[in-house]
Amino acid sequence: MSEISLTSIVPILFVRDVPASARFFNEKLGFDVDFLHGTPPFYGSVSRGAACLHLRCVSKPNFADLAAREVSLVLATIEVSDVHGLFEELKGRGAEFVQEPTSQNWGGTDFHVRDPDGNAISFVAYE
């Protein structure tokens, strides 16, 4: 019997305005807008390289209040090849950082970005 391998995971972020959120990911984080679904759009996808995030419209993002109180509440982590280079790129794009690049005792260096709906995204490189 062959072993089944899992190949990817796609986090779904809850946002108030899918087109506005897709625009944020495109302009501030350099993601491509893969699709916007519905009229008006209530679901969408953004990606950069192999990293993909889906966006789902909700009247109030469920985790925004909790994320504001819990600094380390990250809703998606994206592994990158050059965490410092990406940080500098996103800084030049005007992204809002929750945490600047930090060497962690668990072996990675990461930084966190917050989207307009309060979702925290972590970008990490492992040493």
Side-chain angles (χ1 to χ4, degrees):
M1 187 180 286
S2 66
E3 195 162 319
I4 297 171
S5 63
L6 305 178
T7 59
S8 68
I9 184 168
V10 179
I12 301 171
L13 301 179
F14 297 139
V15 301
R16 290 174 296 226
D17 183 328
V18 170
S21 184
R23 213 169 19 261
F24 164 83
F25 277 94
N26 176 256
E27 294 171 3
K28 299 294 186 183
L29 305 183
F31 280 64
D32 292 324
V33 178
D34 303 320
F35 69 84
L36 299 175
H37 178 71
T39 308
F42 61 87
Y43 199 85
S45 175
V46 294
S47 64
R48 180 168 175 171
C52 180
L53 298 170
H54 281 193
L55 310 170
R56 181 176 179 265
C57 185
V58 294
S59 60
K60 181 177 180 195
N62 301 25
F63 299 108
D65 293 338
L66 183 57
R69 292 190 312 270
E70 300 282 337
V71 177
S72 63
L73 181 64
V74 171
L75 297 178
T77 297
I78 300 170
E79 189 173 349
V80 302
S81 59
D82 180 359
V83 72
H84 294 288
L86 182 61
F87 175 78
E88 291 302 322
E89 176 195 326
L90 300 188
K91 191 160 108 176
R93 290 174 172 267
E96 175 192 344
F97 298 98
V98 178
Q99 172 189 297
E100 294 199 0
T102 304
S103 293
Q104 304 291 351
N105 60 7
W106 41 261
T109 299
D110 65 343
F111 68 86
H112 303 171
V113 173
R114 190 169 314 281
D115 77 3
D117 292 289
N119 298 306
I121 313 299
S122 173
F123 294 90
V124 63
Y126 296 100
E127 298 156 7

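Every heavy atom of this structure was used, including side-chain atoms; hydrogens, water molecules and symmetry mates were not.
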Name every donor-acceptor pair, under 3.5 Å, that has one atom in a side chain of residues 19-32 and the other anywhere in the protein, sequence neighbours excluded.
from, atom 1, to, atom 2, distance (Å)
Asn26, ND2, Phe31, O, 2.8
Lys28, NZ, Arg93, O, 3.3

Are the side chain of [X] and the backbone of [Y] linked by a donor-acceptor contact shorter than 3.5 Å?
X      : Y      : value
Thr102 : Glu100 : yes
Gln99  : Asp110 : yes
Asp115 : Asp117 : yes

When rounded to the nearest 0.5 angstrom, what is the spacing between [atom1] in [X] and [atom2] in [Y]?
X      : Y      : atom1 : atom2 : value
Thr109 : Gln104 : OG1   : CD    : 7.5 Å
Asp17  : Leu55  : CG    : CG    : 10.5 Å
Arg56  : Ser45  : CZ    : OG    : 15.0 Å
Phe14  : Ser59  : CZ    : OG    : 11.0 Å
His112 : Leu75  : NE2   : CG    : 11.0 Å

Are Leu36 and Leu53 joined in one hydrophobic group, where the rule is that I, L, V, M, F, W and Y side chains link up if heavy atoms are under 4.5 Å apart?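 Same hydrophobic cluster.
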Show me the donor-acceptor pairs, under 3.5 Å and distance only, between side chains in residues 78-86 and residues at least two apart or in other chains.
from, atom 1, to, atom 2, distance (Å)
Asp82, OD1, His84, N, 3.4
Asp82, OD1, Gly85, N, 2.8

For Cys52 and Asp34, work out which heavy atoms get closest and say how close.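 Distance-wise, the nearest heavy atoms are SG-OD2, 4.3 Å.
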Locate the shortest heavy-atom distance separating Val124 from Gly108; write the atom from each residue and the value.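 Looking at all heavy atoms of both residues, the closest pair is CG2-CA, 4.3 Å.
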If hydrophobic residues (ILVMFWY) are linked whenever their side-chain heavy atoms come closer than 4.5 Å, directly or via other members, who joins Ile9 in its cluster?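 Its cluster partners, ordered by chain and number, are none at all.
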Ring centre gap for Phe42 and His37 strictly below 6.0 Å: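 Ring-ring flag for Phe42/His37: true, centres closer than 6.0 Å.
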Evaluation steps, side chain to side chain contact (heavy atoms under 4.5 Å, CB included), between Phe97 and Phe111: CA-CA 7 Å; Phe97 298 98; Phe111 68 86; 3.7 Å; yes
